[in-house]
Amino acid sequence: MTGTGENWPEGGSEAFAGADSGLWVRGVDYVAGWREAHEVADRLNRALGGVGFELSELRAVASTDESGCGVVRVAGLPGVVDRLAMVLANLADGDGGGS
């Protein structure tokens, strides 16, 4: 925003607090949740690399949710994520993951 700030919502930054705001909540231990998620994401990234995926194209990313619980998200290029989906579908079908 530029100018005098006349369009700033009443209540200042507190008007943006809430579950979807992206702001941290006082008293929530985000570090413990992130640390756990980071360990799991690292393990998944090693496994992805071990089966031929490039981490520049597909990777697990650690974060936390609004309550401080660890969250691992898989982020990647659409075609590469599709390839991962095919590998997992083949494993589920029992053919060993060959694609």
Side-chain angles (χ1 to χ4, degrees):
M1 175 185 333
T2 60
T4 63
E6 61 199 9
N7 295 324
W8 188 255
E10 291 182 27
S13 63
E14 294 172 8
F16 293 106
D20 295 327
S21 69
L23 299 176
W24 289 13
V25 177
R26 185 183 313 271
V28 175
D29 183 5
Y30 295 98
V31 175
W34 179 85
R35 189 175 294 126
E36 178 185 16
H38 184 267
E39 290 174 12
V40 174
D42 188 50
R43 189 175 318 128
L44 180 55
N45 284 329
R46 286 193 307 270
L48 290 169
V51 295
F53 288 98
E54 294 293 326
L55 294 181
S56 62
E57 299 177 338
L58 177 72
R59 70 180 307 112
V61 180
S63 64
T64 61
D65 66 10
E66 64 276 355
S67 65
C69 292
V71 176
V72 177
R73 293 179 172 85
V74 175
L77 301 173
V80 180
V81 175
D82 189 49
R83 192 172 111 220
L84 174 61
M86 287 188 289
V87 168
L88 294 174
N90 287 335
L91 282 172
D93 290 341
D95 74 357
S99 48

Checklist entry - Quick one: does L84's side chain get under 4.5 Å of L58's, heavy atoms only? => result yes

Checklist entry - Is any side-chain heavy atom of E39 closer than 4.5 Å to a side-chain heavy atom of D42? => result no

Next on the checklist: Just to verify, what does D65 make a salt bridge (Lys or Arg N to Asp or Glu O under 4.0 Å) with, not counting sequence neighbours?
Outcome noted: none

Item to check | Heavy-atom donor-acceptor pair, N45 side chain to R59 backbone, under 3.5 Å | outcome: no

Checklist outcome for this item: All heavy atoms of A62 vs all of A37, minimum pair found to be CB-C, 3.6 Å

Item to check | Min side-chain heavy-atom separation T64-V28 under 4.5 Å | outcome: no

Checklist entry - Under a single-linkage definition using a 4.5 Å side-chain heavy-atom cutoff for Ile, Leu, Val, Met, Phe, Trp and Tyr, are V31 and V72 assigned to the same hydrophobic cluster? => result no

Checklist entry - In Å and rounded to the nearest 0.5 Å, what is the CG to CG distance from L55 to L44? => result 9.0 Å

Checklist outcome for this item: Here the ring-ring contact (aromatic ring centres under 6.0 Å, His included) pairs for residues 37-77, sequence neighbours left out, are W34-H38

Next on the checklist: Are V40 and V61 connected into the same hydrophobic cluster when the rule is that any two of I, L, V, M, F, W, Y join if their side-chain heavy atoms are below 4.5 Å apart?
Outcome noted: no

Checklist entry - Counting heavy atoms not belonging to E57, are there more than 12 under 6.0 Å from its CD? => result yes

Checklist outcome for this item: OG (S67) and OH (Y30) are apart, to the nearest 0.5 Å, by 8.0 Å

Checklist entry - If you group Ile, Leu, Val, Met, Phe, Trp and Tyr by side-chain heavy-atom gaps below 4.5 Å, do L88 and L77 land in one group? => result yes

